[in-house]
Number of protein chains: 2
Amino acid sequence: MTDLLPPIQTTARDDAVLKALAGFVRQEALGPGEKLPTERILAERLKVSRNTVREALTRWEGLGLVERRQGSGTYLKAAVSPDMLHMPLTLAGGNDFAGLMSTLEIRRALEAEAAALCAIRAGKAEIAEIERKLDLMEEAFQTRAGMSSDEDWEFHQAVFRASGNPLFEQIIAAMYEMFHRFWEHPLGVRDFGHASFPYHRTIFNCIAARDPDGARAEALKLIATVEDDLKRGAANLKLSDRR
Amino acid sequence: MTDLLPPIQTTARDDAVLKALAGFVRQEALGPGEKLPTERILAERLKVSRNTVREALTRWEGLGLVERRQGSGTYLKAAVSPDMLHMPLTLAGGNDFAGLMSTLEIRRALEAEAAALCAIRAGKAEIAEIERKLDLMEEAFQTRAGMSSDEDWEFHQAVFRASGNPLFEQIIAAMYEMFHRFWEHPLGVRDFGHASFPYHRTIFNCIAARDPDGARAEALKLIATVEDDLKRGAANLKLSDRR
DNA sequence: GTGCAGAAATTGGTTGGACCATTGAACCAC
DNA sequence: GTGGTTCAATGGTCCAACCAATTTCTGCAC
């Protein structure tokens, strides 16, 4: 009832260009890192102006699908297919403590669900991969006394990837990005993340045991410790970090 | 240790244009629906070519921040601020059904958490607003026998807004378009959404009663019914909806 | 004055051509 | 090999013009 009879597209040059290009990529089986045809060549082949090609590529660049290097060429940055779906996510974030807690709330919701789904759907290979990341992280934790944030992140990424839903990883990556806007100044809490350490293994155990509810519960505990750390840190400095 | 000495940026015309434009929007306090300056004016004022302005606007358009209407002008479609974070979500190889299920999993995670937070944090005014949306939705449901998707959506938005965390609404909004692509073609299930109807009020009751766990449980039930409807619809048509 | 059709101005969309800046490869001197 | 130099390829920017959709203005009929 709302809007049948969609507006006819009398002009959609850029979209047509992108569709054609997606088809080309598919046909040539191009993968990430490989080089696309020159803008000039595309313009000539598709019978459109180079400017139009550029606008189309600009869109793909904005979506992170493609990278343009002046003097070199245009390269695929991710797998593209003619039937992709894009959902631009824009986060207007407060750069303050409240904003940080906001990202954690999202993370709590997603992390719990992803861990549960992972316990249901992960294959053996994926579980092995998660365990490998876990081992790496624990080793880094022993060696460098706590600062294992990179390996920590990779562990979580592996869990998200094994959840079978790519959106989890992508959304959390956005949260991670926002999180890192503050991470440079860890609020004075030096042993940040210590408390969350043991839960990584308990989460993994639940996943390996195919226990979704357990995995969800452990994930919630992990986030809770991070939240506590954060609140403690905020109480520590007590200075209003308005910028 | 990781990446000091970042690559120096010798050219970043488009980014500069967008930054300037974001500053302009902020200074003029422009909101969604309002008109931006002409491309030609922007080009002149910023001392760049109109082409460059167009590439910049193309990026914003791709991100859904702006809408260009030939012959009319360029209009803001969402609130923009100089410090936004963009993270386009890409669902590869998605026939629409799989994509929709993916978004539903995200929605399940966020909806449950948001309802719980809402039960804890919503003020009286916000609860009243939610109830108003609920009444509107129920009225629309009675009148138009089921098709209450717009009002339904507004109810959920109100809940997200009252959760005290703007990220919930922003993330779900990114998936809204995909939901709507389906609402138009309800998969042959004519009474789509009927099953979820009663849970809207039970969710509200829990929120009003300050019962986070109850709200979470009811939200999960609601999503479960939507998932069931969807699976039923997919089973109904049984035709591979490759496009 | 009102209403409406047609002209004119406005604005995004497209084109073609030119030139600049960076890259990378080939080449050369040492 | 190392370090420059040259040179072609390629993305980045600019310009000027025109096309197409929209909006606004104008003038005529009533």
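Lettering of chains follows the sequences in order, A, B, ..., and the numbering in each one begins at 1. Owing to the predicted nature of the structure, the values given are computational and were not obtained by experimental measurement.
Along DNA chain C, the nucleotide closest to Y75(A) and the one closest to L36(B) are compared, and the more 5′ of them pairs with L36(B). Residue R69(A) is the one, among R69(A) and N51(A), whose nearest nucleotide of DNA chain D lies closer to the 5' end (criterion: closest heavy atom). Residues G71(A) and R50(A) each lie close to DNA chain C; by heavy-atom proximity, the contact nearer the 5' end of the strand is made by R50(A).
Of all nucleotides listed (dT14(C), dT11(C), dA21(C)), dA21(C) comes nearest to the side chain of Q70(A). Here the side chain of E39(B) is nearest to one of dG12(D), dT23(D), dG13(C), namely dG13(C).
Put simply, R54(A) has no side-chain N or O that comes within less than 4.0 Å of OP1 or OP2 on dG11(D). Regarding contacts with the backbone of dT10(D), every side-chain N or O of T74(A) stays at 4.0 angstrom or more from both OP1 and OP2. A sub-4.0 Å separation between OP1 or OP2 of dT10(C) and a side-chain N or O of S72(B) is absent. Distances shorter than 4.0 Å separate none of the side-chain N or O atoms of T52(A) from OP1 or OP2 on dG13(C). Between dT10(D) and R68(A), no contact under 4.0 Å exists linking OP1 or OP2 to a side-chain N or O. At dT11(C), one or more side-chain N or O atoms of T38(B) fall inside 4.0 Å of OP1 or OP2 (strictly under the cut-off).
One interatomic measurement links the two molecules: CD of E67(B) to P of dA21(D), which rounds to 16 Å at whole-angstrom precision. To the nearest angstrom, P of dT13(D) lies 20 Å from CD of E44(B). Atom pair E55(A):CD and dG11(D):P shows a separation of 16 Å (rounding to whole Å applied). Here dG11(D) presents its P atom at 19 Å from CZ of R13(B), a figure rounded to the nearest Å. One interatomic measurement links the two molecules: CZ of R40(B) to P of dT10(C), which rounds to 10 Å at whole-angstrom precision. Distance, D14(B) CG to dG12(D) P: 8 Å, rounded to whole Å. The CG atom of D15(A) sits 10 Å away from the P atom of dT14(C) (whole-angstrom rounding). Taking atom CG of residue L42(A) and atom P of nucleotide dT14(C), one finds them 16 Å apart after rounding to whole Å.
One finds a salt bridge joining K133(B) and E154(B) here, because a Lys/Arg side-chain nitrogen approaches an Asp/Glu carboxylate oxygen to under 4.0 Å. The pair R161(A)-E129(A) does not meet the salt-bridge criterion, since no charged nitrogen lies less than 4.0 angstrom from a carboxylate oxygen.
At least one donor-acceptor pair under 3.5 Å links the side chain of R121(A) to the backbone N or O of S163(A).
E113(B) CD to E105(A) CD: the interatomic distance, rounded to the nearest 0.5 Å, is 7.0 Å. The OG1 atom of T90(B) sits 9.5 Å away from atom CG of L167(A), with the distance rounded to the nearest 0.5 Å.
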